[in-house]
There are 2 protein chains.
Amino acid sequence: MPMRKDTAMRKVVERQTGVALWRQIADRIRLAISNGDYDAAGMVPPETVLAGEFGVNRHTVRSALAALAEEGLVRAVQGRGTMIERKERVSYPISKRTRFSQGLGRQVKEIGTRLLGHGELPANGEIAKALGIAPGDTVIELRTVSSGDGRPLSVSSSYYPAHRFPRMAEEFERLHSVTKAFAAHGLDDYVRASTEIVARHADAEELSMLKLSPGAIVLEAQSLNADLDGSPVEYSRTRFAADRMKLRIET
Amino acid sequence: MPMRKDTAMRKVVERQTGVALWRQIADRIRLAISNGDYDAAGMVPPETVLAGEFGVNRHTVRSALAALAEEGLVRAVQGRGTMIERKERVSYPISKRTRFSQGLGRQVKEIGTRLLGHGELPANGEIAKALGIAPGDTVIELRTVSSGDGRPLSVSSSYYPAHRFPRMAEEFERLHSVTKAFAAHGLDDYVRASTEIVARHADAEELSMLKLSPGAIVLEAQSLNADLDGSPVEYSRTRFAADRMKLRIET
DNA sequence: TACAGTTGTCTAGATCAATAGACATTTGAG
DNA sequence: CTCAAATGTCTATTGATCTAGACAACTGTA
């Protein structure tokens with residue numbers, strides 16, 4: 001069986017698919033940037049060249065580049081070209097001992113987690129099953145958004161059994177750390193029991209919280225942390241901006 | 001800080017974003033189906049109701065439903081309504097001992113892996129770095145597509161150091177199993193050393209191989225397997241159809 | 001059979017996306 | 001300075017998407 005060669009001179013974009021050509025092209029250029037395809041020059045090829053490669057009008061390419069400039073990924077300078085401002089995805093480690101701030105430390109200078117809101121609510125089926133409690137039992141919800149160097153990276157909803165961690169919200173607000181808030185309840189260590197990962201289009205709330213443009217992708221990690229006896233202590237759904245993050249699984 | 005309530009009567013879709021309304025709506029309905037929001041009735045709400053919820057014309061909703069019907073997710077019956085045909089995502093386990101067929105066994109009746117092509121090529125920087133060989137050293141590439149119950153689930157490109165596994169392609173064609181092909185080279189056990197996960201829009205080749213519609217999402221897992229001495233034996237990039245799969249991390 | 005509720009089809013017009021071409025403006029090199 | 005190469009701006013036109021309304025066809029129930 002012969003090897004299929006990717007000779008594709010013309011980079012394919014498809015029409016009449018509900019996704020505008022300029023957006024498909026923006027996605028392709030974003031990918032090429034993060035792959036390092038343009039590292040040699042440090043800039044994107046000229047608009048006329050890109051238009052030729054994709055088989056579209058130059059104006060269509062300009063729409064794509066305008067969208068990328070809006071994201072802060074490139075910056076166009078008249079007379080010179082379109083320069084790459086930023087390229088790497090931040091790598092987020094998932095391991096037995098996953099703590100948010102650690103592991104990102106070397107990649108981002110400034111990490112911030114902001115509490116969006118908190119509340120108590122009866123556990124629905126999904127949450128109750130994960131935490132091993134009865135549906136309707138009270139859980140505490142924390143909603144947070146995390147940023148690196150000023151860019152939002154993830155939004156998260158976390159659930160804690162209220163009977164065991166009654167002051168979770170207050171302690172988190174005081175200490176700005178889940179690990180420390182656990183410690184304030186007498187829990188010194190916990191480990192990741194399971195993680196499920198799904199990718200999908202961002203919904204309207206995620207678009208606005210993560211400052212994404214419609215059609216953008218989120219990586220959703222549904223994770224369960226347990227104490228050393230195996231009893232669940234936290235269930236959370238974290239949605240990462242997929243174009244800014246990759247997940248690294250450490251087994 | 002008060003809890004933010006999601007009262008959203010009107011489900012928000014955004015205009016002038018390069019993603020057609022019908023496609024945004026299709027994505028939202030697909031998500032609602034996989035969340036089980038419509039399980040009680042087993043069918044999608046009437047077109048007029050959906051049009052009201054999203055604040056669009058009924059024709060726009062019809063375009064969205066037509067796209068979902070094309071995917072085989074729903075089936076419209078005149079006079080009755082639009083029924084849900086399929087909803088679950090297949091869960092793919094990632095652990096120290098990840099083998100493709102296992103773990104999917106209970107979820108899918110019929111698993112097939114088809115060899116698309118193979119070849120020998122000099123390792124590029126990415127592959128050489130992963131496999132711990134010199135750039136330019138020969139690697140064997142296997143390109144496969146895997147299906148469950150007739151639906152394509154993933155496409156994969158795998159790379160093996162040719163000096164150690166010279167007959168990888170032939171053995172895989174004969175045995176239809178990477179694990180058995182390794183065994184034929186005298187390697188009885190191997191473990192997952194690392195996995196990185198990225199989500200992005202599918203490119204044209206992935207769209208056709210996975211039978212996806214443009215704008216669809218792939219989950220790409222870049223994984224490295226090593227023998228028990230820690231020496232890399234396989235580097236692969238597997239792209240999963242994100243709307244059909246979720247990844248389960250087992251730590 | 002009658003009817004309410006639903007999907008299917010058609011027409012017409014408004015708005016958005018993409019093409020095409022022309023020319024202005026800026027930059028860097030010779 | 002001059003020029004080539006690149007981005008910026010404008011106009012006009014075509015095709016795709018979305019809205020609007022009307023009515024046909026089918027299903028299940030009363």
Side-chain angles (χ1 to χ4, degrees), chain A residues 10-29 33 38 40-70 72-85 213-215, chain B residues 10-29 33 38 40-70 72-85 213-215:
Chain A
R10 155 99 36 130
K11 294 174 181 169
V12 183
V13 286
E14 308 197 8
R15 290 151 195 267
Q16 298 172 9
T17 60
V19 182
L21 292 180
W22 63 265
R23 180 155 285 281
Q24 296 184 52
I25 291 169
D27 291 337
R28 297 281 298 267
I29 296 175
I33 290 174
Y38 304 141
M43 55 199 308
V44 168
E47 294 168 352
T48 48
V49 173
L50 289 170
E53 285 181 350
F54 289 109
V56 302
N57 191 275
R58 175 172 158 242
H59 293 295
T60 309
V61 170
R62 282 180 60 74
S63 299
L65 290 174
L68 295 178
E70 184 75 19
L73 208 63
V74 300
R75 186 167 50 89
V77 177
Q78 189 172 148
R80 288 180 62 193
T82 302
M83 267 139 298
I84 295 169
E85 294 281 283
S213 40
Chain B
R10 153 99 38 130
K11 294 172 183 170
V12 183
V13 284
E14 309 197 7
R15 290 151 197 267
Q16 298 174 2
T17 61
V19 182
L21 292 180
W22 64 263
R23 179 154 285 281
Q24 295 184 53
I25 291 168
D27 292 337
R28 297 283 297 268
I29 297 174
I33 290 174
Y38 304 139
M43 56 199 307
V44 168
E47 295 168 352
T48 48
V49 173
L50 289 171
E53 284 180 351
F54 288 109
V56 301
N57 192 276
R58 176 175 157 239
H59 294 295
T60 309
V61 169
R62 282 180 59 74
S63 299
L65 290 174
L68 295 177
E70 184 75 19
L73 209 63
V74 300
R75 186 166 49 89
V77 178
Q78 187 171 150
R80 289 180 59 193
T82 302
M83 268 138 299
I84 294 171
E85 292 284 282
S213 42

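Per chain, numbering begins at 1; letters A, B, ... match sequence-line order. All values reported here derive from a predicted model rather than from experimental measurement.
For R80(A) and dT7(D), the shortest distance from a side-chain N or O to OP1 or OP2 is not below 4.0 Å. One finds a side-chain N or O of T82(A) lying less than 4.0 angstrom from the OP1 or OP2 phosphate oxygen of dT7(D). Look at T60(B) and you'll find a side-chain N or O under 4.0 angstrom from OP1 or OP2 of dT19(D).
Rounded to an integer number of Å, the gap from CZ of R75(A) to P of dT27(C) is 12 Å. In this entry the distance linking CZ of F54(A) with P of dA18(C) reads 13 Å, nearest Å. One interatomic measurement links the two molecules: CG of L50(B) to P of dT19(D), which rounds to 14 Å at whole-angstrom precision. Note: CE (M83(A)) to P (dT26(C)) measures 15 Å, nearest angstrom. Between the CG atom of L68(A) and the P atom of dT7(D) there is a distance of 13 Å, given to the nearest Å. A straight line from CG of L21(B) to P of dA14(C) spans 19 Å, rounded to a whole angstrom.
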Worksheet item: Where do I25(B) and L50(B) land on the side chain to side chain contact (heavy atoms under 4.5 Å, CB included) test, with the steps shown first?
Response: CA-CA 9 Å; I25(B) 291 168; L50(B) 289 171; over 6 Å; no
Worksheet item: Between L73(B) and I84(B), does a side chain to side chain contact (heavy atoms under 4.5 Å, CB included) hold up when you go through it step by step?
Response: CA-CA 6 Å; L73(B) 209 63; I84(B) 294 171; over 6 Å; no
Pairs: protein N or O with nucleotides 21-24 of chain D N or O, under 3.5 Å:
from    : atom 1 : to     : atom 2 : distance (Å)
dG21(D) : O6     : H59(B) : NE2    : 2.4

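In this structure, G79(B) and S63(A) both approach DNA chain C, and ranking their closest nucleotides by distance from the 5' end singles out G79(B).
Considering only the side chain of R62(B), dT7(C) comes nearest among dG8(D), dT19(D), dT7(C).
Residues V74(B) and M83(B) have side chains not in contact (no heavy-atom distance under 4.5 Å, counting atoms from C-beta outward).
Between M43(A) and Y38(A), the shortest heavy-atom distance links the atoms O-CB, 3.5 Å.
Distance check, rounded to the nearest 0.5 Å: CD of E53(B) to OG1 of T48(B) gives 10.0 Å.
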Show me the donor-acceptor pairs within less than 3.5 Å that the side chains of residues 60-69 of chain B make with the rest of the protein, sequence neighbours left out.
from   : atom 1 : to     : atom 2 : distance (Å)
R62(B) : NH1    : E47(B) : OE1    : 3.4
R62(B) : NH1    : E47(B) : OE2    : 2.9
S63(B) : OG     : H59(B) : O      : 3.2

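In this view, R80(B) satisfies the salt bridge (Lys or Arg N to Asp or Glu O under 4.0 Å) rule with no residue, not counting sequence neighbours.
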